[in-house]
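The chain is numbered in sequence order, starting from 1. Quick caveat, the model's predicted, so the values are computed rather than measured.
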Amino acid sequence: MTTLVCFINGLVGCTVFSQYSSKEYNDPSVESQSGDTKNPIVEANTKPVSSSQIVERLLQDAQRALTRDQLMTPPHNNAFDKYKAVLLFDKNNTEALLGIGKVVERYCELAQSSAAKGNFKQAKIFLSRAESIEPNLSQVLKTREFIARAQKNFTQLITLQNPTEKQSDHEIALSRKDLQKRSKELATELKTIAQQVRQSDQYLLIVTPTDADGRWVYQEMKKAVPGYRLRGDIRRGKIPKIVLQAPLP
């Protein structure tokens with residue numbers, strides 16, 4: 001119990017969790033030398049801190065840490081640790097369980113954002129932290145796949161930009177399911193491709209099952225590179241993909 005109290009002390013920042021009350025008084029029957037009866041000393045009550053009060057404080061601190069992106073760092077002053085501390089008091093606390101889910105979700109968002117910028121080392125660090133909490137969560141699995149695709153696409157784009165190598169077309173497969181849902185993950189992936197295409201000035205061939213799908217892909221890419229004219233064409237095909245063609249001489 002002492003260990004738990006010390007742990008919670010560090011998380012919440014309180015110095016005392018002991019539940020006690022103390023009373024100090026003088027016996028009024030004892031008289032002073034002057035014959036006057038001494039006044040009793042005022043009773044000093046220290047109200048015990050209830051577990052519900054500790055939980056409420058932890059949840060408030062956890063929310064603040066989450067807002068500041070203090071997800072698993074710094075030690076003992078982060079959202080994850082505080083939500084876990086709540087579960088020591090109440091293992092079924094809904095707000096704490098949802099909060100831990102939000103930590104995982106935020107790490108996935110940061111990982112995808114880093115991958116979209118080509119910072120794959122940082123992306124994998126964020127992903128590993130999400131995996132350490134919920135390795136089999138669907139959002140974690142999607143993020144892992146997203147980073148792998150983004151890194152593969154990035155490598156292909158770098159190859160096309162290298163004038164010493166023979167230029168050839170490269171195909172980037174698009175998830176049919178994500179395309180139908182107009183998913184945020186696919187939109188982020190298209191943003192990455194568009195930003196790299198701007199650097200290499202490549203020609204695009206967008207292949208999608210419907211014209212509406214093709215227009216959506218093009219618009220999402222165009223939003224990622226304002227002021228730059230994406231050169232390419234849209235064609236219908238059963239398997240959605242983007243064909244990257246070498247810059248025209």
Can you tell me which residue pairs pass the salt bridge (Lys or Arg N to Asp or Glu O under 4.0 Å) test with a partner in [range], sequence neighbours excluded?
| range | result |
| --- | --- |
| residues 125-137 | E131-R144 |
| residues 205-214 | R182-D213 |
| residues 189-198 | R149-E189 |

What are the two closest heavy atoms between [X] and [Y], and how far apart are they?
| X | Y | value |
| --- | --- | --- |
| N78 | A65 | C-CB, 3.9 Å |
| C108 | T143 | CB-OG1, 3.3 Å |
| Q53 | S50 | OE1-N, 3.0 Å |
| Y228 | V197 | OH-O, 3.8 Å |
| V140 | P135 | CG1-O, 3.8 Å |
| A111 | I147 | CB-CD1, 4.1 Å |

Determine, step by step, whether I242 and L205 satisfy the side chain to side chain contact (heavy atoms under 4.5 Å, CB included) criterion, reporting the C-alpha distance in whole Å, the side-chain angles of both residues, the deciding distance to 0.1 Å, and the verdict. CA-CA 6 Å; I242 293 177; L205 178 58; over 6 Å; no
Apply side chain to side chain contact (heavy atoms under 4.5 Å, CB included) to the pair F80 and L71, showing each step before the final yes or no. CA-CA 6 Å; F80 180 70; L71 305 178; over 6 Å; no
From [X] [atom1] over to [Y] [atom2], what is the distance, rounded to the nearest 0.5 angstrom?
| X | Y | atom1 | atom2 | value |
| --- | --- | --- | --- | --- |
| E56 | D61 | CD | CG | 10.5 Å |
| Y83 | I133 | OH | CD1 | 11.5 Å |
| Q70 | T67 | CD | OG1 | 9.5 Å |
| L59 | K82 | CG | NZ | 11.0 Å |
| Q112 | T192 | CD | OG1 | 9.5 Å |
| M221 | W216 | CE | CH2 | 11.0 Å |

Apply side chain to side chain contact (heavy atoms under 4.5 Å, CB included) to residues I239 and V207 and explain how you reach the verdict. CA-CA 7 Å; I239 301 176; V207 181; over 6 Å; no
Do P209 and L179 have side chains that get closer than 4.5 Å, going by heavy atoms?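 Yes; the side chains approach each other to less than 4.5 Å.
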Considering only heavy atoms from C-beta outward, does the side chain of K142 approach that of S183 to under 4.5 Å?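 Of all side-chain heavy-atom pairs linking S183 with K142, none is under 4.5 Å.
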Under a 4.0 Å threshold between the charged nitrogen and the carboxylate oxygen, would D81 count as salt-bridged to K84?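 Result for this pair is no, no salt bridge flagged.
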Just by distance, do the side chain of R235 and the backbone of G214 share a donor-acceptor pair under 3.5 Å?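 Not confirmed, R235 side chain does not pair with G214 backbone.
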Out of I234, L230, V243, I172, which residue meets the side-chain contact (heavy atoms from CB on, under 4.5 Å) rule with L204?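 One option only clears the test, and that one is L230.
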Listed partners of E145 passing side chain to side chain donor-acceptor pair (under 3.5 Å), at least two apart: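 Partners of E145 by the side chain to side chain donor-acceptor pair (under 3.5 Å) criterion come out as none, since no residue qualifies.
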side-chain hydrogen bond (donor to acceptor under 3.5 Å, both in side chains) contacts touching residues 93-107 (sequence neighbours left out):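 side-chain hydrogen bond (donor to acceptor under 3.5 Å, both in side chains) check on residues 93-107 returns D69-R106, R106-E109.
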Taking atom CG of L97 as the centre, does the number of heavy atoms from other residues, nucleotides or ligands within less than 6.0 Å exceed 12?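 Enclosed.
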With sequence neighbours left out, what residues match K241 under salt bridge (Lys or Arg N to Asp or Glu O under 4.0 Å)?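 By the salt bridge (Lys or Arg N to Asp or Glu O under 4.0 Å) rule, K241 matches E171.
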